[in-house]
Amino acid sequence: RIRHLGCKSAVSLKPKTPLSAIEGLYDDLDMVLVMSVEPGFGGQKFMNDCALKIKEIRSTATKNLIIEVDGGINSETAKICKDYGVSALVAGNYIYKAVDVKKAIDLAHAAGKKVYVAMNAIFHNEKVPMLEEYISFLKEAGADAIIYGDPAVLMAARAAAPDMKLHWNPETTATNWYTCNYWGRK
């Protein structure tokens with residue numbers, strides 16, 4: 001039913017979730033997100049055993065299945081994930097803290113991987129005015145998509161980079177008036 005609505009079907013695997021939880025579902029999925037940290041906050045260290053999940057999924061699923069990895073991404077972990085067959089890297093702190101963001105994105109692209117920048121934090125009122133500038137910067141740097149949860153990011157992206165691909169992440173709640181107004185109109 002999800003595909004009939006024009007959406008892609010996907011699942012997310014937390015680090016402790018065994019692959020047996022999605023056994024037999026690969027033909028029904030468009031994407032698997034392998035969490036390589038415990039979801040909830042940035043800056044965690046990559047859990048190496050999660051890379052083995054990528055390798056096993058790639059060896060058993062169809063080539064068309066998109067495999068994303070999220071958490072603890074840096075130049076070293078990105079290479080491991082690339083070698084194991086990941087399709088896209090979700091980067092938060094790696095991009096935010098990079099001295100040269102464009103170079104970090106270019107390295108992933110040179111390896112044939114997409115870069116999705118996680119902006120699924122909650123943006124308080126004082127941060128909202130900076131969103132459009134940052135999204136324009138990400139677009140110019142070559143980011144392939146933005147992962148967001150806060151509608152303030154959606155509205156800023158529409159204004160600053162309307163052709164930027166957006167992937168919605170529902171784990172965020174509202175803490176600014178833009179978000180409250182957005183959901184209040186729904």
Could you report the tightest heavy-atom contact between A156 and I135, atom names first, then the distance?
CB-CD1, 3.8 Å
Checking K113 side chain against V86 main chain: does a donor-acceptor pair fall under 3.5 Å?
yes
Sorted by chain and residue number, the side-chain contact (heavy atoms from CB on, under 4.5 Å) partners of A78 (sequence neighbours excluded) come out as I73, L89
Could you check whether any side-chain heavy atom of M47 comes within less than 4.5 Å of a side-chain heavy atom of E38, counting everything from C-beta outward?
yes
Exercise: identify the closest heavy-atom pair between V128 and A152:
CG2-CB, 4.3 Å
Would you kindly confirm whether Y26 and I66 end up in one hydrophobic cluster when ILVMFWY residues are joined by side chain heavy atoms under 4.5 Å apart?
no
Which residues share a side-chain contact (heavy atoms from CB on, under 4.5 Å) with A145, sequence neighbours left out
Y116, K165, H167
Pairs where residues 54-66 contributes a residue and the test salt bridge (charged side-chain N to carboxylate O under 4.0 Å, His left out) is met, not counting sequence neighbours
none
Can you list the residues that meet the side-chain contact (heavy atoms from CB on, under 4.5 Å) rule with E133, with sequence neighbours excluded?
none
Minimal heavy-atom distance between S36 and P15, with the atoms involved, is C-CG, 4.5 Å
If you compare all heavy atoms of H109 against all heavy atoms of V115, which two are closest, and at what distance to 0.1 Å?
NE2-N, 4.3 Å
Determine whether M119 and L131 make a side-chain contact, defined as any pair of heavy atoms from C-beta on separated by less than 4.5 Å.
yes
Return the CG to CG distance between L25 and L19, rounded to the nearest 0.5 Å.
11.5 Å
According to a 4.5 Å side-chain heavy-atom criterion applied to Ile, Leu, Val, Met, Phe, Trp and Tyr, with indirect links allowed, do I22 and I54 form part of one hydrophobic cluster?
yes
Drop me the distance from C50's SG to D70's CG, to the nearest 0.5 angstrom.
11.0 Å
Pairing residues for F46 by the ring pair (Phe, Tyr, Trp, His ring centres under 6.0 Å) criterion, not counting sequence neighbours
none
Applying salt bridge (charged side-chain N to carboxylate O under 4.0 Å, His left out) as the test, list every pair that has at least one member in residues 100-112; sequence neighbours left out.
K102-D106
Verify same cluster id: L154, V117 (apolar side-chain graph, 4.5 Å)
yes
Distance-only donor-acceptor pairs under 3.5 Å for side chains of residues 27-35, two or more places apart:
{"unit_1": "D30", "atom_1": "OD1", "unit_2": "R3", "atom_2": "NE", "d": "3.4"}
{"unit_1": "D30", "atom_1": "OD1", "unit_2": "R3", "atom_2": "NH2", "d": "3.1"}
{"unit_1": "D30", "atom_1": "OD2", "unit_2": "R3", "atom_2": "NE", "d": "3.1"}
{"unit_1": "D30", "atom_1": "OD2", "unit_2": "S9", "atom_2": "N", "d": "2.8"}
{"unit_1": "D30", "atom_1": "OD2", "unit_2": "S9", "atom_2": "OG", "d": "3.3"}

Establish whether I147 and M130 are linked, either directly or via other cluster members, by ILVMFWY side-chain heavy-atom contacts under 4.5 Å.
no
With heavy-atom distances below 4.5 Å as the criterion, would you say the side chains of I57 and Y84 are in contact?
no
With salt bridge (charged side-chain N to carboxylate O under 4.0 Å, His left out) as the rule and sequence neighbours excluded, what pairs involving residues 135-146 come up?
K139-D163
Does E76 have more than 12 heavy atoms from other residues, nucleotides or ligands lying within 6.0 Å of its CD?
no
Treat each ILVMFWY residue as a node, draw an edge where side-chain heavy atoms are under 4.5 Å apart, and state whether V101 and M164 are in one component.
yes
Those residues at least two apart in sequence (or on a different chain) that pass salt bridge (Lys or Arg N to Asp or Glu O under 4.0 Å) with K79 are D83
